[in-house]
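The structure appears right after this line, and notes come after that.
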Amino acid sequence: MESERLRIIRPGEIARGPVVYWMSRDQRVSNNHSLVYAQSFAIREKVPLAVVFCLADNFLVATLRQYDFMLRGLTETALSLGEKNISFHLLRGNPGTEIPKFVKENKIGMLVGDFDPLKIKREWKNEVAKKISVPFHEIDSHNVVPCRAVSGKQEYGAYTIRPKIQRLLKKFMVLVPKIVRHPVSFDRNPENIEWEKIIAGLKIDRSVPPVEWIKPGEKNARAMLKKFLIHGISRYSAERNDPNADAQSNLSPYIHFGQISAITVALETIKKSPDDENRRAFLEELIVRRELSDNFCWHNENYDNIGGIPGWAKASLREHKSDKREYIYMEREFESASTHDRLWNAAQIEMVKRGKMHGWMRMYWSKKILEWTKSPDEAIRIAIYLNDKYELDGRDPNGYAGILWSIGGLHDRPWGEREIFGKVRYMNYNGARRKFDVERYIERFGA
DNA sequence: ATCGGCTCGCGCAA
DNA sequence: TGCGCGAAGCCGAT
């Protein structure tokens with residue numbers, strides 16, 4: 001595995017004892033660099049290998065919808081690990097406390113983690129590193145080109161990060177070796193995990209139910225990919241921005257939870273589809289724009305507030321903060337899809353019902369929240385609140401970057417100045433009507 | 001249907 | 001220092 005994926009959080013000699021992979025962002029067995037890396041150490045040292053997942057109640061106010069998707073995916077992951085003689089342990093509570101406790105109680109020799117640019121994950125890792133006395137290595141198994149290898153600074157836009165990724169793509173876009181049946185067993189048998197009971201007992205917001213149209217887990221992720229490569233990708237370039245066309249991959253929930261690797265998706269795409277504009281457009285979104293979001297969150301701690309937007313946009317929005325708003329809505333009016341705009345309401349309902357709003361509508365939806373709230377700060381807050389509550393892929397760097405792109409001109413250029421938006425790119429109903437059959441979309445979801 | 005202007009700043013060439 | 005051009009658009013002119 002490429003050494004650029006590695007960051008040593010806590011250095012030192014590996015101690016005698018099992019190797020543990022603390023699984024967090026990359027919840028899968030296949031093509032998981034962190035797991036392969038952990039196993040290579042365990043085999044070399046002739047010690048057991050265990051995977052630990054720490055379930056934090058009320059993580060960034062996630063709801064039953066997201067917990068259900070994640071835990072059912074983990075059920076499959078735990079089973080696959082068992083088949084490879086790798087034990088799986090589900091911990092409950094604050095990872096900053098529970099992971100060190102597990103490490104000490106089980107005399108673990110080394111800890112391996114995965115990469116995540118979000119602040120809370122970084123805080124957890126710092127806390128863990130302070131409390132343990134064995135090596136702690138972090139492996140970027142989420143990105144095609146590891147985030148820290150792409151660039152050492154916040155990139156200005158897609159056009160500045162693109163060549164940096166392209167240069168390294170050949171080196172990093174390769175599958176890792178498969179996990180082998182682990183030769184040494186973990187002596188403490190993990191208790192039989194009662195998944196259904198755990199899901200039923202979570203102390204979380206249960207008002208947002210799981211969705212039926214998309215099924216969690218590695219196998220279903222591959223099936224979804226296969227379906228997209230047969231039915232969707234040939235129309236991707238022309239129709240991906242048509243919310244009625246069903247030309248999107250629908251892979252973002254899987255990629256968000258790491259139930260499928262972006263490398264797997266990219267290599268399958270290259271294998272199965274011709275080298276045309278469709279493939280190029282899909283790989284651009286899968287790799288360049290996703291990794292741009294990771295780059296942003298990793299290098300900018302204000303990724304979830306107005307502090308993260310570029311200077312020209314901040315100044316321009318400030319100049320327009322007192323502009324008259326034709327409509328002003330409160331959070332609950334947005335949430336209940338009660339605006340005057342049937343198109344906006346339909347998008348909101350799509351998100352609430354299906355857990356996934358169409359990509360083009362996400363931009364329109366965010367920009368209208370800016371237009372109809374009393375300040376950009378409030379708009380960002382509401383957009384993030386709703387996104388994280390209802391979207392299966394909430395709390396993802398892509399979500400934060402997308403919202404700041406829409407409301408704050410992040411990674412975008414300035415445009416003609418106008419009311420409220422200032423120089424931030426404007427979008428409106430007429431634009432939607434030019435692009436697709438707005439009435440059909442409203443019929444599907446509006447009501 | 002198609003085109004240019006809108007407006008800032010990064011990155012590279014020179 | 002100059003210059004080309006950019007995450008998904010809008011609008012008016014032709």
Side-chain angles (χ1 to χ4, degrees), chain A residues 150-167 232-233 235-245 247-249 252 277-278 280-297 299-300 303 308-320 323 326 341 343-344 347 356-371 380 383 387 393 396-436 438 441:
Chain A
V150 170
S151 171
K153 59 166 190 172
Q154 182 184 329
E155 290 295 328
Y156 192 75
Y159 75 102
T160 64
I161 204 173
R162 192 176 294 114
K164 296 181 183 183
I165 290 173
Q166 294 295 350
R167 267 202 298 277
I233 196 166
R235 297 177 293 131
Y236 192 77
S237 176
E239 299 181 33
R240 70 176 184 280
N241 284 338
D242 180 347
N244 296 318
Q248 294 205 311
S249 74
S252 70
E277 56 178 340
N278 293 310
R280 278 193 292 279
F282 179 62
L283 292 178
E284 164 80 10
E285 300 207 356
L286 175 73
I287 302 172
V288 174
R289 300 206 192 159
R290 259 200 34 258
E291 304 209 1
L292 181 59
S293 302
D294 258 35
N295 167 275
F296 171 59
C297 293
H299 291 285
N300 196 322
Y303 58 75
I309 73 175
W312 63 263
K314 214 179 288 175
S316 186
L317 287 172
R318 199 183 303 126
E319 273 180 43
H320 289 270
D323 289 358
E326 196 175 343
D341 178 351
L343 177 59
W344 192 95
K356 193 167 176 299
M357 191 191 300
H358 187 276
W360 192 89
M361 292 308 305
R362 290 193 194 199
M363 299 187 282
Y364 178 84
W365 176 87
S366 294
K367 284 183 181 291
K368 293 297 132 179
I369 297 178
L370 167 64
E371 194 171 337
I380 291 169
N387 182 74
D393 58 6
D396 192 277
N398 275 310
Y400 299 119
I403 286 168
L404 290 206
W405 179 87
S406 300
I407 297 176
L410 174 73
H411 299 146
D412 203 7
R413 57 191 262 208
W415 297 84
E417 193 157 3
R418 62 165 66 223
E419 298 282 281
I420 306 171
F421 285 77
K423 290 165 184 163
V424 173
R425 184 195 300 253
Y426 179 66
M427 287 170 76
N428 67 2
Y429 185 89
N430 287 334
R433 228 175 39 187
R434 274 196 297 275
K435 280 193 187 345
F436 64 94
V438 167
Y441 180 76

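Chain letters run A, B, ... following the sequence lines, proteins first and then strands; every chain starts at 1. These figures come from a predicted structure and were not determined experimentally.
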Please measure how far the [atom1] atom in [N] lies from the corresponding atom in [M], and state the result in whole Å.
| N | M | atom1 | answer |
| --- | --- | --- | --- |
| C:dG12 | B:dT7 | P | 15 Å |
| C:dA8 | B:dG11 | C1' | 23 Å |
| C:dG4 | B:dG4 | P | 15 Å |
| C:dG6 | B:dC3 | P | 16 Å |
| B:dA14 | C:dC5 | P | 14 Å |

Minimum-distance nucleotide to [X] side chain [options: [options]]:
| X | options | answer |
| --- | --- | --- |
| A:Ala158 | B:dG11, C:dA7, C:dG6 | C:dA7 |
| A:Tyr426 | B:dG9, C:dC10, C:dA7 | C:dC10 |
| A:Arg289 | C:dA8, B:dC6, C:dC11 | C:dA8 |
| A:Ala401 | C:dC11, C:dA8, C:dA7 | C:dA7 |

Could you check A:Gln154, A:His411, A:Arg162 and say which one makes a side chain to side chain contact (heavy atoms under 4.5 Å, CB included) with A:Leu292? A:His411
Is any side-chain N or O of [X] closer than 4.0 Å to OP1 or OP2 of [N]?
| X | N | result |
| --- | --- | --- |
| A:Arg162 | C:dA7 | yes |
| A:Arg418 | B:dC6 | no |
| A:Lys153 | B:dG11 | yes |
| A:Asn241 | C:dA8 | no |
| A:Lys423 | B:dC8 | yes |

How long is the span from the [atom1] atom in [X] to the [atom2] atom in [Y], to the nearest 0.5 Å?
| X | Y | atom1 | atom2 | result |
| --- | --- | --- | --- | --- |
| A:Cys297 | A:Tyr400 | SG | OH | 8.0 Å |
| A:Leu317 | A:Ile309 | CG | CD1 | 5.0 Å |
| A:Glu155 | A:Glu291 | CD | CD | 12.0 Å |
| A:Arg289 | A:Ile165 | CZ | CD1 | 11.5 Å |

When we call it a touch if two heavy atoms are under 4.0 Å apart, what does [X] touch: a base, just sugar-phosphate, or nothing?
| X | answer |
| --- | --- |
| A:Arg362 | nothing |
| A:Trp405 | base |
| A:Met427 | sugar-phosphate |

Tell me: [atom1] of [X] to [atom2] of [N], nearest whole Å?
| X | N | atom1 | atom2 | answer |
| --- | --- | --- | --- | --- |
| A:Tyr159 | C:dG4 | OH | C1' | 10 Å |
| A:Lys164 | B:dC12 | NZ | C1' | 12 Å |
| A:Asp412 | C:dC5 | CG | P | 18 Å |
| A:Ile403 | C:dA8 | CD1 | P | 18 Å |
| A:Gln154 | B:dC10 | CD | C1' | 13 Å |
| A:Glu319 | B:dT7 | CD | C1' | 13 Å |
| A:Trp415 | B:dT7 | CH2 | C1' | 10 Å |
| A:Lys367 | C:dA7 | NZ | C1' | 10 Å |

Main-chain N/O of A:Trp365 paired to A:Trp344 side chain as donor or acceptor, under 3.5 Å: yes
Going by the angle between their ring planes, with limits at 30° and 60°, are A:Tyr364 and A:Trp360 parallel, tilted or perpendicular? parallel
Determine which nucleotide pairs with B:dG11, using a 3.5 Å limit on both distances of a Watson-Crick or G-U wobble pair. C:dC3
Watson-Crick or G-U counterpart of B:dG4, or none if no pair lies under 3.5 Å: C:dC11
